[in-house]
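The structure appears right after this line, and notes come after that.
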Amino acid sequence: MRYFIGNWKMFGIPKSINILKKINSFYSKDKNRRKYRVIITPPYTLLETYSKYFKKKKISIGSQNCYHKDYFSSNTSAVSPYMIREAGATYTLVGHSDNRIEGDTNEMLKNKVDFALRNNLKVVYCIGENKTDKKNKKTFSVLQKQISKVLDKKFNKKNIIVAYEPVWSIGTGKLPTKNELTITTLHIKKVLKGIFKKKSLPVLYGGSVDGNNIEMFREIKEIDGFLIGGASKSSKKFIDIIKNYYR
Ligand code: 13P
């Protein structure tokens, strides 16, 4: 199974659902549709309406983040996994670098993953080294830490996907080489296997993915899918990624 996840970040208003309707219509008729899943993470403001609309359709809806504890609390602006699930969403991202930069610690992220899973959300756990880590050849140790400090062997591995997003690649057009990405993905899978035994979890790549460079990524069979930012805000660009992946 492959995954194409569109992370809208701070983009979208109610009528932006038209973008998703076009993606859904392509997806429902695509001859390859059984080989992959499409998940979109719009902002909190759109979770309920979009989740309701796509409930019986192909696209799944997820949130971009969640609070790390409590069903309800007095924390201004926080949204709990319980509230997200009740709004109808079925996935959540956890640990996106935007949120790590804002102060999400590994301890908080562990609680987020745990709490989201316990509220029946599937978790897309994001990891990735920054530019300095890469320059100092710390990529492997940073990733190892981000995984082992957060993902616990007691978690239900069937509901966890890992997304590798090198921070220096997000929104920059800069990509890892094919070789770099292959060995990094294999390293991530090895670390995950050490925790969960047996088969590894799906590992996605994110960072400047578009309809042109997907040609390079599809040759790396270790990658189970993609977390797509900028190109997910246009139905054409998002569909082109899927079309070119299966060409
Ligand atoms: P871009 O595809 O815009 O580089 O964003 C990647 C990302 O951060 C998805 O979560």
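Atoms within each ligand, like the ligands themselves, are counted from 1 in listed order. Below, all heavy atoms of this structure are taken into account, side chains as well, without hydrogens, waters or symmetry copies.
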Atom 2 (O) of ligand 1: nearest protein contact (heavy atom, Å): G229 N, 2.9 Å

W8 and Q64 side chains, donor-acceptor separation under 3.5 Å: no

Heavy-atom side-chain proximity of F140 to K145 below 4.5 angstrom: no

Side-chain donor-acceptor pair present, E222, Y205, cut-off under 3.5 Å: no

Selection residues 226-239 - residue pairs positive for side-chain hydrogen bond (donor to acceptor under 3.5 Å, both in side chains), sequence neighbours left out: K236-D240

Nearest non-hydrogen protein atom, atom 5 (O) of ligand 1: K9 NZ, 3.2 Å

Ligand 1 contacted by S208 (non-hydrogen, < 4.0 Å): yes

Atom indices of ligand 1 within 4.0 angstrom of H96 heavy atoms, with elements: 7 (C), 8 (O), 9 (C), 10 (O)

Donor on one side chain, acceptor on other, K35 and N32, under 3.5 Å: yes

Side chain, backbone, both or neither: N7 near ligand 1, heavy atoms under 4.0 Å: side chain

Y44 versus N65, side-chain donor and acceptor atoms under 3.5 Å: no

Protein heavy-atom partner closest to atom 3 (O) of ligand 1 - residue, atom, separation in Å: G230 N, 2.8 Å

Under 3.5 Å: N/O of L227 near N/O of ligand 1: no

Min heavy-atom dist G206 to ligand 1 below 4.0 Å: no

Flag for N7-T41: side-chain donor and acceptor within less than 3.5 Å: yes

E165 neighbourhood, listing ligand 1 atoms whose heavy-atom distance to it stays under 4.0 Å: 6 (C), 7 (C), 8 (O), 9 (C), 10 (O)

